[in-house]
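Written below as structure tokens is the structure these notes are about.
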Protein chains: 2
Amino acid sequence: MGIFNPLASVYAAFMTTNDSSKRNGPGRPRDAEAADALKAAAIRLVRDRGYSRVTIGALTDAAGVSRQTLYNRWPSKAELVMDAFYDAASVNVPNPGPDVPGETALTQFLSEIFEHLKRDGDCLRSLVAAAQDDTDFRDVFWQRFVAPRSTIVKDLLRRSQTRGELAPDRDIDILSNMIHGAFWYRSLNGQPLGVREAQLIARDVFRQ
Amino acid sequence: MGIFNPLASVYAAFMTTNDSSKRNGPGRPRDAEAADALKAAAIRLVRDRGYSRVTIGALTDAAGVSRQTLYNRWPSKAELVMDAFYDAASVNVPNPGPDVPGETALTQFLSEIFEHLKRDGDCLRSLVAAAQDDTDFRDVFWQRFVAPRSTIVKDLLRRSQTRGELAPDRDIDILSNMIHGAFWYRSLNGQPLGVREAQLIARDVFRQ
DNA sequence: TGCATTTATGGACTACGGTCAATAAATGGA
DNA sequence: TCCATTTATTGACCGTAGTCCATAAATGCA
């Protein structure tokens, strides 16, 4: 398993908004601990109570900062929570090596995502919900969480096509939609996701 | 094209909450026009402004009723809007006849859904979002909107299996997840859906 | 030391979804 | 006619997300 981060530039662009360490001009510097305290509070409280039951006041109280300090760093609760949960997760998107057979690689990739969803699936669903009525957040969420996984699967499928594991006329975009859609659909509708589902999806995609 | 309504009993159970015409006991009867006025206002305002920009006050003002009258009939804005948009749509789920070849039938079915989404896809996405933080509404939305379409596709796939258009070892549940998931995924991520996507999905499902 | 600039804090403020209670109005039945 | 019952209206109320503002504190620079 290697590590793949197709969005380093996006992070960099985003982080400039939110990074205190590299500002030269005058003015009081940002409290270096505030952002970390808020992200830690977000993870703890959201895992504990669920996204919709975590209020801004609870987050700032737990982090020991004022309301405005939060809004100086993130434009909304959704952006803070995504930042807290999916910074590490998005950087460390698992990417199977090119030598693994396609069906095995896809099964493994999906199994790891599903394992992650067992812990934070509820939070993820709430973020998808928040993205539907906030186009700015929708774009950021798509770039940081959805697109990297889509890219990995499409690369995997293209490699499989060159190796003859997948017929050359299969439409990669639609296949990727169907693969990711299956797990979003099950997740949004509260259906279970596990290794079995990962195997069934991969088997159907790669059936001859 | 026939008409299929697998959830008449669910409607009936729901409607008793919300139907004034058949109550025998004493007491002031419900205003027969209020519900229709609210549903009409919901459709007009949501199509006009988008779900999240329609306030309860705007709905009751447009319908000429009080706030409490709305909440006597629906437990939330989401339930009213779903009722307004998807009553007729859910009753008239298109269901291709059993003689049509599977790939054709699936293409046709998906094309009609996608056509519907062109007009009300934004509203549908907002309802999916509302369902993520409201388990009661999530259940109702699932029963009234998601499950009927899932049932139709699974029946279609099973018929295709008995006719030999689909290998007998294909997993119908996972296939249904992948089919519906593809369009949810594209819809939630703001990607276009049209006849072309319907054809590509059906072709990949039925590819030999 | 002083000035410009930026951030932190606390509290007031708006808009919203949803609840609640008081009062009036409309019905069936005694 | 009176009563029990149900609904409609009105307006108060609560908790929340997000904004705004005054004031204090921390920095670079002159």
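Note that the structure is a prediction, hence the values are computed from the model and not measured. Chain A is the first sequence line, chain B the second, and so forth, proteins listed ahead of strands; every chain is numbered from 1.
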Name the atoms and distances for all side-chain donor-acceptor pairs under 3.5 Å in residues 189-202 of chain A, with sequence neighbours left out.
unit_1	atom_1	unit_2	atom_2	d
A:Asn189	ND2	A:Tyr185	O	2.9
A:Glu197	OE1	A:Gly194	N	2.8

Side chains of residues 118-125 of chain B: which donor-acceptor pairs under 3.5 Å do they make with residues two or more places apart or in other chains?
unit_1	atom_1	unit_2	atom_2	d
B:Asp120	OD1	B:Arg47	NE	2.9
B:Asp120	OD2	B:Arg47	NH2	3.0
B:Asp122	OD1	B:Arg125	NH2	2.8
B:Arg125	NH1	A:Gln132	OE1	2.6

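One distance of note links CG of B:Asp204 with CG of A:Leu175; it measures 4.5 Å at 0.5 Å rounding.
A close approach under 4.0 Å does not occur between any side-chain nitrogen or oxygen of A:Thr55 and OP1 or OP2 of D:dG15. Side-chain N/O atoms of A:Arg28 include none lying less than 4.0 angstrom from OP1 or OP2 on C:dA8.
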Test log, rule side chain to side chain donor-acceptor pair (under 3.5 Å), inputs A:Thr69 and A:Asp31: CA-CA 9 Å; A:Thr69 295; A:Asp31 180 349; over 6 Å; no
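Taking only side-chain atoms of B:Tyr71, from C-beta outward, the nucleotide of D:dT5, C:dG18, C:dA4 with the closest atom is C:dG18. Closest contact between the side chain of B:Asp31 and the listed nucleotides D:dA24, D:dG18, D:dA8 involves D:dA8. For A:Thr69, the listed nucleotide lying nearest its side chain is C:dA8; candidates were C:dA8, C:dG28, C:dG18.
Look at CD on B:Gln68: it is 13 Å from C1' on C:dG17, rounded to the nearest Å.
Taking 3.5 Å as the limit, the base of C:dG18 and the side chain of B:Arg67 contain a donor-acceptor pair of atoms between them.
For the side chain to side chain donor-acceptor pair (under 3.5 Å) test with B:Asp83, the passing option among B:Lys39, B:Arg144, B:Arg73 is B:Arg144; the others fail.
In this structure, A:Lys154 and A:Ile172 approach most closely via the heavy-atom pair CG-CG2, 3.7 Å.
Applying a 4.0 Å cut-off to non-hydrogen atoms, none of the residues of residues 123-137 of chain A approaches DNA chain C.
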